[in-house]
Amino acid sequence: METTDLLARHRAGLDIVREAGALALDYYRRRASLPIERKGLQDFVSDADKKTEDLIVERLSRLFPDDSILGEEGGLRQRGPRLWVIDPIDGTANFLRGIPHWCVSVGMIAEGRAVIGLLFNPVTGEMFSAHAGGGAYLGDEPITVSGLADLGASSIGMGYAHRLPLAPYVAEMEAALRAGIDCRTLGSGALDIGFVAAGRLDATYYGHINLWDVAGGLAILAEAGGIASDFMAGDAATNGNELLVATPALYEPLRAMLLRAERRAA
Ligand code: IPD
Ligand code: CA
Ligand code: CA
């Protein structure tokens, strides 16, 4: 993808995600009166998710009519080979409870890899962003992963989705805790990746997570010097995958301890 195309999309994406964040924040402030639908066990959706996604889809479609768009709520609009991926609110459970840790997440996948990442938490005003080759930023400040090499001093994000079998998650959590790792379930897979990129967490691991949960974070992580498992392998775009992201020195030990594909192969 040409750098000028990438830059134009990154810049437009920043404006769109800020506008979407303002809309989502307005819903957040009046969340007590929002009708909530239940999609599954611990899986909720409201007008805030749908209207925020609609706004992003409308803006992107107008500016880049040849780009494809995948939204968590509205599914796939297939156009050209470049794919925008939207999670209008990642951290919905936090959003609905008034916990100010959620974000609007938008990423672009081109030629099988994440090339633009935008994560905006309108409550804190924090914007994590990157495009391939341009460095990773929190606001205007460059960010990098922590550089930590000691598992026993590490803090990692983990999350369990209730659609999955429980036993593997319990085993992974136990292995991590026995290794002296501080395990956090912060409730937003997207922000976990942004936090690894900014050195606030040293890694994050999900036994299964969907593309829209991670697409906004992966380019930021890569530009911040982090390592990620091959999330896009196989049918991840439609069915999700497992994901490990980490600061470089912790990637190998965590891969051996946590990554299911590796443990199945061993
Ligand atoms: C969820 C969050 C959560 C993760 C779940 C996701 P949502 O997304 O990213 O951290 O554990 O698997 O579904 O529902 O808040 O958009
Ligand atoms: Ca999500
Ligand atoms: Ca969501």
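As the structure lists them, so they are numbered: ligands from 1, and atoms in each ligand from 1.
Considering just the N/O/S atoms of Asp213, the one nearest the Ca ion (ligand 2) carries the name OD1. Distances from the Ca ion (ligand 2) to each N, O or S atom of Asp90 single out OD1 as the nearest.
Checking Asp87 against the Ca ion (ligand 3), an N/O/S atom falls under the 3.0 Å cut-off.
When non-hydrogen atoms are compared, ligand 1 lies under 4.0 Å from the side chain of Glu72 (C-beta onward) but not from its backbone. The part of Ile89 lying near ligand 1 is the backbone, judged by heavy-atom distances below 4.0 Å. Contact annotation: for Tyr206 versus ligand 1, heavy atoms closer than 4.0 Å belong to the side chain alone. With a 4.0 Å cut-off on non-hydrogen atoms, Thr92 touches ligand 1 through its backbone as well as its side chain.
Because its NZ or CZ atom is not both nearer than 6.0 Å to the ring centre of Tyr251 and within 45° of the ring axis, Arg255 does not count as a cation-pi partner of that residue. Cation-pi geometry between Arg29 and Tyr27 is not met: the NZ or CZ atom fails to fall both under 6.0 Å from the ring centre and inside 45° of the normal.
For the residue pair Ser155/Asp202, the side-chain donor-acceptor check at 3.5 Å is not satisfied. Side-chain N/O atoms of His131 and Arg9 include no donor and acceptor closer than 3.5 Å. There is no side-chain donor-acceptor pair under 3.5 Å between Glu223 and Tyr137.
Looking at ligand 1, you'll find an N or O of Gly91 within less than 3.5 Å of one of its N or O atoms. The shortest N/O to N/O separation between Ser188 and ligand 1 falls below 3.5 Å.
The nearest heavy-atom contact from the protein to atom 10 (O) of ligand 1 is Gly189 N, 3.0 Å. In this structure, the protein non-hydrogen atom closest to atom 13 (O) of ligand 1 is Asp213 OD1, 3.9 Å. Taking atom 2 (C) of ligand 1 as the reference point, the nearest protein heavy-atom neighbour is Asp90 OD1, 3.6 Å.
Computed with the Ca ion (ligand 3) at the centre, the Ile89 O to Glu72 OE1 angle is 160°, stated to 10 degrees.
Protein heavy atoms all stay at least 4.0 Å away from atom 5 (C) of ligand 1.
A salt bridge does not link Arg184 to Asp192: none of the charged side-chain nitrogens sits closer than 4.0 Å to a carboxylate oxygen. Between Asp15 and Arg59 no salt bridge is recorded (no basic side-chain N to carboxylate O distance below 4.0 Å).
Applying the 6.0 Å contact sphere to CZ of Arg113 captures no more than 12 heavy atoms from other residues, nucleotides or ligands.
Atoms of ligand 1 lying under 4.0 Å from any heavy atom of Gly187, numbered from 1 in the order shown and given with element: 2 (C), 3 (C), 10 (O).
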